[in-house]
Amino acid sequence: MEIKAVFFDVGETLINEGRIYGEWADWLGVPRHTFNAVLGGVIARGEHHLAVLEHFRPGFDLAAEEAARRAAGVPNGFGPQDLYPDARRCLADLRAMGLLVGVAGNQPKEAAAQFAALGLEADIVGMSEDWGVEKPSPGFFARVCAEAGLPPERILYVGDRIDNDVRPGLAAGFQVAFLRRGPWGNVQRDDEALARCRFQLGSLAELPPLLAP
């Protein structure tokens, strides 16, 4: 089935979250290597990523801690320095090929402005908090179809997580490209699901040639 649109996840697909998690470790007063070790365990057990913050600070209140960080001059969020080097060229090349390019991920409302500041070539940008639905809910992928105006089989969804991107994307009828990078991309395993992906990538630079006419 011919692909007409490509949608990308945000964290660890377009945005390197290493600095972001490192700054949370610093904020909590935890050595970064210790924080990362606990994060790996959280991923392996299939827990929500906020569980790593709860581990070090029981009763962790994300909204309160983010407000405190803003007041201290170290706000949470991503910026141009966090963009993976292969992301900008990949999106631009796909758009130049006539494909609809979208970005849709599990992100807070504030991420929309942060993403806009990156100046990437994308036709559609959607953040889960704005949409009121997040992955792995089927409603998230239905919203992607609605935004694109295309049936799922015409859309390629690109992401690094088997639990949030690969399995639910396939279940929704999307074509899927798995990007093996970042903590989730290297810790999670599901050979059966990956075998059903259209592509398995080590870099976004690999994608445009695979979709070239």
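The structure displayed is predicted, hence computed values, not measured ones. Computation of the quantities below employed the complete heavy-atom set of this structure, encompassing side-chain atoms and omitting hydrogens, waters and symmetry-equivalent molecules. Nothing fancy with the numbering, it's 1 onward along the sequence.
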Check: Could you walk me through whether Arg180 and Asp160 pass the side-chain contact (heavy atoms from CB on, under 4.5 Å) check?
Finding: CA-CA 6 Å; Arg180 188 179 298 283; Asp160 65 294; over 6 Å; no
Checklist line | Approximate separation, where rounding is to 0.5 Å, of Arg198 CZ and Leu211 CG | finding: 7.0 Å
Note to self: Could you walk me through whether Trp27 and Glu65 satisfy the side-chain hydrogen bond (donor to acceptor under 3.5 Å, both in side chains) test, starting with their C-alpha distance in whole Å, then the side-chain angles of each, then the deciding distance to 0.1 Å, before giving a yes or no?
What the structure shows: CA-CA 9 Å; Trp27 179 256; Glu65 295 292 342; 2.8 Å; yes
Item checked: Beyond-backbone contact of Arg95 with Leu91, side-chain heavy atoms, under 4.5 angstrom -> no
Item checked: From Gln175 atom CD to Ile155 atom CD1, the distance as rounded to the nearest 0.5 Å -> 10.0 Å
Checklist line | Shortest non-hydrogen contact from Leu39 toward Pro183 | finding: CD2-CG, 4.4 Å
Notebook entry, point to check: When you look at Phe199 and Phe178, which way does the ring pair (Phe, Tyr, Trp, His ring centres under 6.0 Å) test go after all the steps?
Noted result: CA-CA 6 Å; Phe199 306 116; Phe178 172 64; over 10 Å; no
Check: With Lys135, which of Asn164, Asp165, Asn106 fulfils side-chain hydrogen bond (donor to acceptor under 3.5 Å, both in side chains)?
Finding: Asp165
Check: In terms of the angle between their ring planes, are Tyr157 and Phe140 parallel, tilted or perpendicular, with boundaries placed at 30° and 60°?
Finding: perpendicular
Checklist line | Phe35: partners by ring pair (Phe, Tyr, Trp, His ring centres under 6.0 Å), with sequence neighbours left out | finding: Phe56
Checklist line | Full working for side-chain contact (heavy atoms from CB on, under 4.5 Å) between Phe115 and Leu120 | finding: CA-CA 8 Å; Phe115 189 85; Leu120 299 182; 3.5 Å; yes
Next item on the list: Kindly state each residue pair satisfying salt bridge (charged side-chain N to carboxylate O under 4.0 Å, His left out) with at least one member in residues 29-44, sequence neighbours excluded.
Entry: Asp26-Arg32
Notebook entry, point to check: Do Arg19 and Gln81 have side chains that get closer than 4.5 Å, going by heavy atoms?
Noted result: yes
Margin query: Can you tell me how far apart CG (Asp191) and CD1 (Ile162) are? Round to the nearest 0.5 Å.
Written below: 8.0 Å
Note to self: Salt bridge or not between Arg69 and Glu23? Use side-chain N to carboxylate O under 4.0 Å.
What the structure shows: yes
Note to self: According to a hydrophobic-cluster definition based on side-chain heavy atoms being under 4.5 Å apart (Ile, Leu, Val, Met, Phe, Trp, Tyr only), do Leu156 and Leu99 belong together?
What the structure shows: yes
Next item on the list: Please lay out, stage by stage, how Gln188 and Ile43 fare under the test side-chain contact (heavy atoms from CB on, under 4.5 Å).
Entry: CA-CA 7 Å; Gln188 293 183 327; Ile43 295 169; 4.0 Å; yes
